[in-house]
J.: 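The structure follows.
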Amino acid sequence: MDVSLTTFLQQVLSSPALAITTLLTLGVIFVNGWTDAPNAIATCVTTRCMRVRPAVVMAAVFNFLGVLIMTQLNASVASTISNMVDFGGDTNAALIALCAALFSIVVYSVGASLLGIPTSESHSLIAGLSGAAIAIQGGIGGINMGEWVKVLYGLAASLLIGFAMGWIVCKAVTLVCAGFDRRRTNGFFQYAQIAGAACMSFMHGAQDGQKFIGVLFLGMAFCNGQSSVAGVVIPVWLMLLCSVIMGVGTSVGGERIIKSVGQDMVHLEKYQGFSADLSSALCLLVMTVLGIPVSTTHTKTSAIMGVGAVRRLSAINFGVVRDMMLTWVFTFPGCGIISYAMARLCMLVF
């Protein structure tokens, strides 16, 4: 399959189905930048280590680097997503179902983000693809449970490991710096937290970039009559396009999410922000290498809770945590049902 930019543009202009798929995918990436990417830089901004605009630029750059480097080194997350569902041999119907899945993500994520609650586009994507596969296959035969179970592993692991690593890293930093002058350590952790936020942005690109680039790649394959993208190398122009769209989304809607994650959940000092960024980045790295798709939001907020628990459990605003958990709980059935309904409707119409 030819994946050059020139060929892609020609196909978009000649194929309305691919054009719609491309627009929806870029829309989902934009929403991801709006609702998920801000979590990578939230603590860095709210502890006043960086202003919002420079942080957004940094996030966009390291998102791109994360997509570029990790996709070349280890694309197992993209493989998990592409093999999670089976849309069947009819590539035209598969392309319609894929559009329905993407539409469900946009609808659900925008609605949740308007309430100022971080959403998981990773889980929205998984739910949307699953709902569409069930619709096109007429049952759960379209779900590859061997791959889908990795989602459940990732859900539990990101919560438990994120919290544990947040607590361990912050506790270690507290013990090491106990006898140091606070003014000197604040200066160090200001720069350390900027580095930590860069690592978080890198790993966000490595995780979420692979997922959504894989979806757009799958749409290109369906348009060309291919049912998979096995063995095809992802082009750099596609990585760059997705990272730019994600950065624009972050700049448009990121400040509200930054406040919700970085300020409302627990008040953080610079060393705590560094601990949260480092521990969540490490957790994401482990999950990415293992090919387990996880939510950046899940991982970061769990790490923040672990950091807050070092001081005392009462330092955590459990009201905000409850709202986030409810959003995550409703993501799978919510996106799945919308995607199923849209896929059935589109298949009847088209």
J.: Which atom names give the shortest non-hydrogen contact between Thr21 and Leu102, and what distance separates them?
T.: O-CD1, 3.9 Å
J.: Would you mind reporting whether Leu26 and Leu241 have side-chain heavy atoms less than 4.5 Å apart?
T.: yes
J.: What pairs with Phe189 under ring-ring contact (aromatic ring centres under 6.0 Å, His included), at least two apart in sequence or on another chain?
T.: Phe274
J.: Determine which pairs satisfy salt bridge (charged side-chain N to carboxylate O under 4.0 Å, His left out) with at least one residue from residues 150-178, sequence neighbours left out, and list them in order.
T.: Glu147-Lys150
J.: So which pairs with a foot in residues 126-160 pass ring-ring contact (aromatic ring centres under 6.0 Å, His included), sequence neighbours left out?
T.: Trp148-Phe332
J.: Once rounded to the nearest 0.5 Å, what's the spacing between atom CE of Met200 and atom CE of Met58?
T.: 10.5 Å
J.: State the CD1-CD1 distance between Ile140 and Ile134, to the nearest 0.5 angstrom.
T.: 7.5 Å
J.: Going by the ring-ring contact (aromatic ring centres under 6.0 Å, His included) test, which pairs reach into residues 53-80, not counting sequence neighbours?
T.: none
J.: With a 4.5 Å limit on heavy-atom distance, are the side chains of Ile161 and Met287 in contact?
T.: yes
J.: Between CG of Leu159 and CE of Met305, what distance do you get to the nearest 0.5 Å?
T.: 6.5 Å
J.: Should we say atom CD1 of Ile69 is surrounded by more than 12 heavy atoms from elsewhere, each under 6.0 Å from it?
T.: yes
J.: Once side-chain contact (heavy atoms from CB on, under 4.5 Å) is applied, do any residues pair with Thr299, and if so which ones, sequence neighbours excluded?
T.: Ser158, Ser280, Cys283, Leu284, Val294
J.: Determine which pairs satisfy salt bridge (charged side-chain N to carboxylate O under 4.0 Å, His left out) with at least one residue from residues 19-31, sequence neighbours left out, and list them in order.
T.: none
J.: What pairs meet the side-chain hydrogen bond (donor to acceptor under 3.5 Å, both in side chains) rule with one or both residues in residues 161-170, with sequence neighbours excluded?
T.: none
J.: Which heavy atom of Gly154 sits nearest to which heavy atom of Ile292, and what is that distance?
T.: CA-CG2, 3.5 Å
J.: Give a yes or no on whether the backbone of Gly128 and the side-chain of Ser339 come within a donor-acceptor separation of less than 3.5 Å.
T.: yes
J.: Determine the minimum heavy-atom distance between Val307 and Ala276, stating which atoms define it.
T.: CG2-N, 3.7 Å
J.: For Ala97 and Ile136, work out which heavy atoms get closest and say how close.
T.: CB-CD1, 4.2 Å
J.: Go through Leu238 and Phe8 one step at a time and tell me if the side chain to side chain contact (heavy atoms under 4.5 Å, CB included) criterion holds.
T.: CA-CA 10 Å; Leu238 185 55; Phe8 172 73; 5.9 Å; no
J.: Give a yes or no on whether Val215 and Leu23 share a hydrophobic cluster (residues Ile, Leu, Val, Met, Phe, Trp, Tyr; joining criterion: side-chain heavy atoms under 4.5 Å apart).
T.: no
J.: Can you give me the closest heavy-atom contact between Cys99 and Leu24, atom names plus distance?
T.: O-CD1, 3.4 Å
J.: Are Ser104 and Met342 packed together at the side-chain level, in the sense that at least one heavy-atom pair is separated by less than 4.5 angstrom?
T.: no
J.: Who are the side chain to side chain donor-acceptor pair (under 3.5 Å) partners of Thr288, not counting sequence neighbours?
T.: Gln207
J.: Taking side chain as C-beta onward, heavy atoms only, is Ser279 less than 4.5 Å from Ile168?
T.: no
J.: Please answer: with hydrophobic residues joined when any side-chain heavy atoms are less than 4.5 Å apart, are Leu216 and Leu5 in the same cluster?
T.: yes
J.: So how far is it from Ser295 OG to Lys211 NZ, rounded to the nearest 0.5 Å?
T.: 7.0 Å
J.: Considering residues at least two apart in sequence or located in another chain, which fulfil the side-chain contact (heavy atoms from CB on, under 4.5 Å) criterion with Leu282?
T.: Met165, Leu278
J.: Quick one: do Leu129 and Leu98 satisfy side chain to side chain contact (heavy atoms under 4.5 Å, CB included)? Show the steps, please.
T.: CA-CA 7 Å; Leu129 291 175; Leu98 184 62; 3.7 Å; yes
J.: Could you grab the distance from atom SG of Cys44 to atom CD of Gln190, nearest 0.5 Å is fine?
T.: 8.5 Å
J.: Which heavy-atom pair separates Cys170 from Gln272 by the least distance, and what is that distance?
T.: SG-CG, 4.1 Å
J.: Taking side-chain contact (heavy atoms from CB on, under 4.5 Å) as the definition, give me every residue that meets it alongside Ala135, ordered by chain and number, with sequence neighbours left out.
T.: Tyr340, Ala343, Arg344, Met347
J.: Under 4.5 Å between side-chain heavy atoms, hopping through other hydrophobics if needed: is there a path connecting Leu65 to Trp237?
T.: yes
J.: Quick one: side-chain contact (heavy atoms from CB on, under 4.5 Å) partners of Leu160, sequence neighbours excluded?
T.: none
J.: Using salt bridge (charged side-chain N to carboxylate O under 4.0 Å, His left out) as the criterion, list what pairs up with Lys270, not counting sequence neighbours.
T.: none
J.: From Phe188 CZ over to Tyr271 OH, what is the distance, rounded to the nearest 0.5 angstrom?
T.: 14.5 Å
